Amino acid sequence: MAKIELNPVGTNLLKSVSGESVELQSLWRDKPVVLFFLRRFGCQVCRWTAAEISKLEPDLTANGIALVGIGPEETGLKEFKEGGFFKGDLYIDEKKQCYKDLGFKRYTALSVVPAALGKKIREVTTKAKAQGIQGNFTGDLLQSGGMLIVAKGGEKVLLHFVQDSPGDYVPLEDISKALDISANVQAGERPQCNDDVCTR
């Protein structure tokens with residue numbers, strides 16, 4: 001992945017859940033930040049990953065590090081919040097400009113259909129349901145996500161992760177290592193996702 005220039009991407013506007021517009025760079029102005037870019041709020045694997053990342057929240061807070069989730073649209077936000085999947089602040093990138101600038105790809109309509117019918121989707125559904133995590137088909141099924149970890153003041157990018165497949169995520173130990181903190185968390189068993197797309 002090419003090196004990320006924080007100045008241009010930092011001026012992109014996000015909408016807070018209260019409706020306020022903020023620049024992305026305001027999130028790292030005063031403290032380091034972990035920015036988790038969800039594929040969509042209804043995605044079953046995204047919900048599992050959000051809950052997994054949230055295990056780090058006490059250690060992040062203790063070290064003065066913000067935890068932020070960003071979705072590409074408002075669809076599913078209410079249900080996501082009510083489900084308590086994520087312990088950080090939530091924002092919407094309505095124009096999906098951060099997603100574009102950070103290289104988070106879009107899938108094609110052709111790659112969605114076969115994946116939705118595949119064995120791996122049934123497996124992820126079973127595993128996520130066993131953990132009490134449901135998903136739905138609302139919203140943009142074609143958007144991928146990733147993660148960006150930025151040092152205080154935008155001094156440097158500590159981690160830039162782009163999903164290659166919808167089931168990809170950054171392990172908790174890699175997040176802790178990028179931030180140079182120790183965390184006392186137990187990683188959960190991740191649901192498996194189809195190589196092309198996870199529609200749940």
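Here the structure is a predicted model, which means the values were calculated and not measured.
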Check: Of all residues at least two apart in sequence or in a different chain, which pass the side chain to side chain contact (heavy atoms under 4.5 Å, CB included) check with Asp30?
Finding: none
Sequence neighbours left out, cut at 3.5 Å: what donor-acceptor pairs do the side chains of residues 141-155 make with other protein atoms?
from   : atom 1 : to     : atom 2 : distance (Å)
Gln143 : OE1    : Arg106 : NH1    : 3.3
Gln143 : NE2    : Phe104 : O      : 3.2
Gln143 : NE2    : Lys105 : O      : 3.4
Ser144 : OG     : Lys105 : N      : 2.9
Ser144 : OG     : Lys105 : O      : 2.6

Check: Which heavy-atom pair separates Ser54 from Phe86 by the least distance, and what is that distance?
Finding: OG-CA, 3.2 Å
Next item on the list: Please name all residues satisfying side chain to side chain contact (heavy atoms under 4.5 Å, CB included) with Pro58, sequence neighbours left out, ordered by chain then number.
Entry: none
Check: Can you tell me how far CD1 of Ile92 sits from CD1 of Ile70, rounded to the nearest 0.5 angstrom?
Finding: 9.5 Å
Margin query: Can you tell whether the side chains of Arg47 and Glu79 come within less than 4.0 Å, N to carboxylate O?
Written below: yes
Note to self: If the condition is salt bridge (Lys or Arg N to Asp or Glu O under 4.0 Å), which residues does Lys87 pass it with, not counting sequence neighbours?
What the structure shows: none
Next item on the list: Apply ring-ring contact (aromatic ring centres under 6.0 Å, His included) to Phe161 and list each qualifying residue two or more places apart in sequence or on a separate chain.
Entry: none
Next item on the list: Go through the structure and list residues passing side-chain hydrogen bond (donor to acceptor under 3.5 Å, both in side chains) with Gln25, not counting sequence neighbours.
Entry: Glu23
Item checked: With Glu82 via side-chain hydrogen bond (donor to acceptor under 3.5 Å, both in side chains) - residues at least two apart -> Lys78
Notebook entry, point to check: In chain order, what residues pass the side-chain hydrogen bond (donor to acceptor under 3.5 Å, both in side chains) check against Ser26, with sequence neighbours excluded?
Noted result: none
Margin query: Could you work out, with side-chain hydrogen bond (donor to acceptor under 3.5 Å, both in side chains) as the rule, every residue matching Ser18, not counting sequence neighbours?
Written below: Ser16
Note to self: Is it true that Gln97 and Asp101 share a donor-acceptor pair across their side chains at a distance under 3.5 Å?
What the structure shows: yes
Check: Which salt bridge (Lys or Arg N to Asp or Glu O under 4.0 Å) pairs, counting each pair once, include a residue from residues 6-18, with sequence neighbours left out?
Finding: Lys15-Glu74, Lys15-Glu94
